[in-house]
Amino acid sequence: QVQLVASGGGLVQPGGSLRLSCAASGSIFTLNYMAWYRQAPGNQRDLVARITSGGNTNYADSVKGRFTISRDNAENTVYLLMSSLKAEDTAVYYCNANIRSRFTADYWGKGTLVTVSS
């Protein structure tokens, strides 16, 4: 029943910004850490940013200073604010969350494509 739905992907020019959102829904008792991953063609799926229930954050070196992850616990939503976008940021971005429902498990949303191009 737990589901993650991401939105906000699209086309943006280099140097531009974009905001991704991911909302969790269903029978949620506890929303633990939430994160964003990305996968570019030919690459593995890598962690972009993670935020704990207490608000502590971690970022991949490639996005530090440019991306900001945040969460709205009342809405069970995680955001990824991306700025100073580069062509190498082009990838499918995946929302991930550790959630306690009947049991505790990791959940994944469907990928949303971000394309950075002129």
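Note: hydrogens, waters and symmetry copies are ignored here, and every other heavy atom, side chains too, is used.
Asn73 CG to Met34 CE: the interatomic distance, rounded to the nearest 0.5 Å, is 8.5 Å. In this structure, CD1 on Ile28 lies 10.5 Å from CD on Gln1, to the nearest 0.5 angstrom.
Between the side chains of Asp106 and Tyr33, a donor-acceptor pair is found at a separation under 3.5 Å.
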For this session: Dump the intermediate steps for side-chain contact (heavy atoms from CB on, under 4.5 Å) on Ser117 and Leu11, then the final yes or no.
Result: CA-CA 7 Å; Ser117 177; Leu11 176 65; 4.2 Å; yes
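With side-chain heavy atoms closer than 4.5 Å counting as contact, directly or through intermediates, Phe103 stands alone and belongs to no larger hydrophobic cluster.
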Enumerate, atom names and distances included, each donor-acceptor pair closer than 3.5 Å involving a side-chain atom of residues 76-87, sequence neighbours excluded.
{"residue": "Thr77", "atom": "OG1", "partner": "Glu75", "partner atom": "O", "Å": "2.8"}
{"residue": "Ser83", "atom": "OG", "partner": "Arg66", "partner atom": "O", "Å": "2.7"}

List the atom pairs, donor and acceptor, that lie under 3.5 Å between side-chain atoms in residues 41-53 and the rest of the protein, sequence neighbours left out.
{"residue": "Gln44", "atom": "NE2", "partner": "Asp46", "partner atom": "OD1", "Å": "2.9"}
{"residue": "Arg50", "atom": "NH2", "partner": "Tyr37", "partner atom": "OH", "Å": "2.8"}
{"residue": "Thr52", "atom": "OG1", "partner": "Gly54", "partner atom": "N", "Å": "3.3"}
{"residue": "Thr52", "atom": "OG1", "partner": "Gly55", "partner atom": "N", "Å": "3.4"}
{"residue": "Thr52", "atom": "OG1", "partner": "Asn56", "partner atom": "N", "Å": "3.1"}

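Around atom CD of Glu88, more than 12 heavy atoms belonging to other residues, nucleotides or ligands sit under 6.0 Å away.
Side-chain atoms of Leu31 and Arg100, non-hydrogen and from C-beta on, never get closer than 4.5 Å to each other.
Nearest heavy atom pair, residue Trp36 against residue Ala6, reads CH2-CB, 4.1 Å. Nearest heavy-atom pair across Tyr93 and Asp89 is OH-O, 2.7 Å. The shortest non-hydrogen separation linking Tyr107 to Ser101 is OH-CB, 4.3 Å. Here the shortest heavy-atom pairing between Leu4 and Cys22 reads CB-SG, 3.8 Å.
Linking Ile, Leu, Val, Met, Phe, Trp and Tyr whenever their side-chain heavy atoms come within less than 4.5 Å puts Phe67 and Leu20 in one cluster. Both Ile69 and Ile99 are assigned to one and the same hydrophobic cluster, defined by single-linkage of ILVMFWY side chains at heavy-atom distances under 4.5 Å.
Just one of Thr90, Val114, Val92, Val63 meets the side chain to side chain contact (heavy atoms under 4.5 Å, CB included) condition when paired with Arg38; it is Val63.
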